[in-house]
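Data block below; observations after.
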Amino acid sequence: MASVREIKARIEGVRETRKITNAMYLVASTKLRHAREALDRTRPYFDAMRAEAARVFRCDENAESRYFLNPDGTLPKDGVCGILLVTADKGLAGSYNMNAIRQAEAIVKEKPGARLFVVGEFGRRHFRMRKVPTEPDFLYTAQDPNLDRARNMCTTLLDLYDQKELNEIVAVYTDMKSSLSSTAQVNRLLPLERDPFQGGEKEVFEFLPSAEAVLAAAMRSYISGFLYSTLVDSFCCEQNARVSAMDAAGRNADELLGTLSLQLNRERQGAITQEITEISAGARAQRNRKEARS
């Protein structure tokens with residue numbers, strides 16, 4: 001059984017850990033609030049760009065674009081699948097990272113030759129330890145997502161798609177359904193399906209130089225907006241997961257401190273009882289010795 005000194009040392013260690021988890025909880029809570037505000041500002045832009053692309057189809061249902069599936073619903077023949085995976089830069093966020101990584105690993109197995117574009121050091125380190133190659137020039141951090149970074153990512157991915165090195169781009173990220181629920185999502189960025197963009201009341205517009213050129217420009221902005229929304233959404237989920245993890249760690253620390261305090265009190269009581277017993281036994285022995293002499 002542990003001694004009083006060992007129990008005290010463990011209590012002190014748990015208290016120090018409790019301070020760290022509490023500090024991380026406060027930091028993650030602040031970042032989560034800012035991330036939610038950014039997410040609320042992002043979604044209207046994303047919805048507006050999607051509406052503009054849909055407007056082109058309402059004007060010209062036969063508009064052609066390399067960013068959409070073939071008329072028969074198949075993928076372009078040239079190229080391989082590109083997987084954009086968004087993770088965190090560090091752990092201590094529950095199952096946030098591993099849920100997205102498992103989704104990406106499933107796609108890699110399903111699509112041989114797929115190329116991995118990983119955002120976040122946690123994901124890159126995970127695949128590096130397993131000797132799974134990732135794109136070396138795609139070293140973006142998951143912290144503080146911004147629109148410039150999303151545009152750079154969009155340019156890289158679209159250039160590879162236009163050069164027919166990629167025939168499909170899939171985004172794997174975590175979507176925040178609510179403060180209590182987040183799910184790892186798999187969405188195909190390119191090529192897009194026509195059905196979600198079609199339908200609605202037919203409109204009449206004149207497009208210059210052509211509907212295809214306008215659609216291509218709209219798609220670039222649409223993809224940039226989608227990527228930015230993905231980064232912000234994932235960052236929001238990361239902070240929410242870290243808040244939950246640190247809150248659970250704090251509660252566990254409090255329970256452990258209660259258990260250790262009770263154990264310490266018992267050890268102290270046992271030690272005091274032992275000392276009293278030894279003193280009483282010594283006094284009794286002295287008394288018996290005196291009585292024997294007399």
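Of the possible donor and acceptor atoms, none in the side chain of Asp233 sits under 3.5 Å from a partner among the backbone N and O of Ser229. Asn97 places no side-chain N or O within donor-acceptor distance of the main-chain N or O of Gly123, the cut-off being under 3.5 Å. With hydrogens and angles disregarded, no donor-acceptor distance shorter than 3.5 Å links the side chain of Ser234 to the backbone of Leu231. Here the side chain of Arg149 pairs no donor or acceptor atom with the backbone of Asn152 at under 3.5 angstrom. Judged by distance alone, the side chain of Arg115 and the main-chain N or O of Gly82 form no donor-acceptor pair under 3.5 Å. In this structure a side-chain-to-backbone donor-acceptor pair under 3.5 Å is present from Asn265 to Ser261. The backbone N or O of Val119 sits less than 3.5 Å from a side-chain atom of Thr87, completing a donor-acceptor pair. In terms of modelled atom types and a separation under 3.5 Å, the side chain of Asn252 and the main chain of Ala248 share a donor-acceptor contact. Without hydrogens or angle criteria, Asp89 side chain to Glu121 main chain gives a donor-acceptor distance under 3.5 Å.
Residues Tyr25 and Thr21 fail the side-chain proximity criterion, which asks for heavy atoms closer than 4.5 Å.
Counting heavy-atom neighbours within 6.0 Å of Arg266 CZ, excluding the residue itself, gives a total of 12 or less. Residue-environment remark: CZ (Arg10) stays at or below the threshold of 12 foreign heavy atoms within 6.0 Å.
Note on Glu238 versus Arg242: salt bridge recorded, some NZ/NE/NH1/NH2 to OD/OE distance being below 4.0 Å. Salt-bridge annotation for Asp254 and Arg251: absent, with no side-chain N of the basic residue lying under 4.0 Å from a carboxylate O of the acidic one.
Rounding to the nearest 0.5 Å places OH of Tyr161 at 9.0 Å from CD of Glu168. For the atom pair CG (Leu166) and CZ (Phe117), the distance works out to 5.0 Å, reported to the nearest 0.5 Å. Residue Thr230 holds its OG1 atom at 7.5 Å from CG of Asn187, rounded to the nearest 0.5 Å.
Pairing each heavy atom of Lys77 with each of Asn167, the nearest pair is O-ND2, 4.4 Å.
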*CA sep, side-chain torsions, deciding dist, call: Glu135, Thr156, side chain to side chain contact (heavy atoms under 4.5 Å, CB included)*: CA-CA 11 Å; Glu135 294 301 311; Thr156 301; over 6 Å; no
*Step by step, would you call Arg151 with Leu227 a side chain to side chain contact (heavy atoms under 4.5 Å, CB included)?*
CA-CA 8 Å; Arg151 290 194 182 104; Leu227 289 176; over 6 Å; no
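Ile169 and Phe138 fall within a single hydrophobic cluster, where Ile, Leu, Val, Met, Phe, Trp and Tyr side chains are chained together by heavy-atom contacts under 4.5 Å. If you chain together hydrophobic residues whose side chains sit under 4.5 Å apart, Phe122 and Val108 fall into the same group.
Classified by interplanar angle (parallel below 30°, tilted 30° to 60°, perpendicular above 60°), the ring pair Tyr222/Phe226 is tilted.
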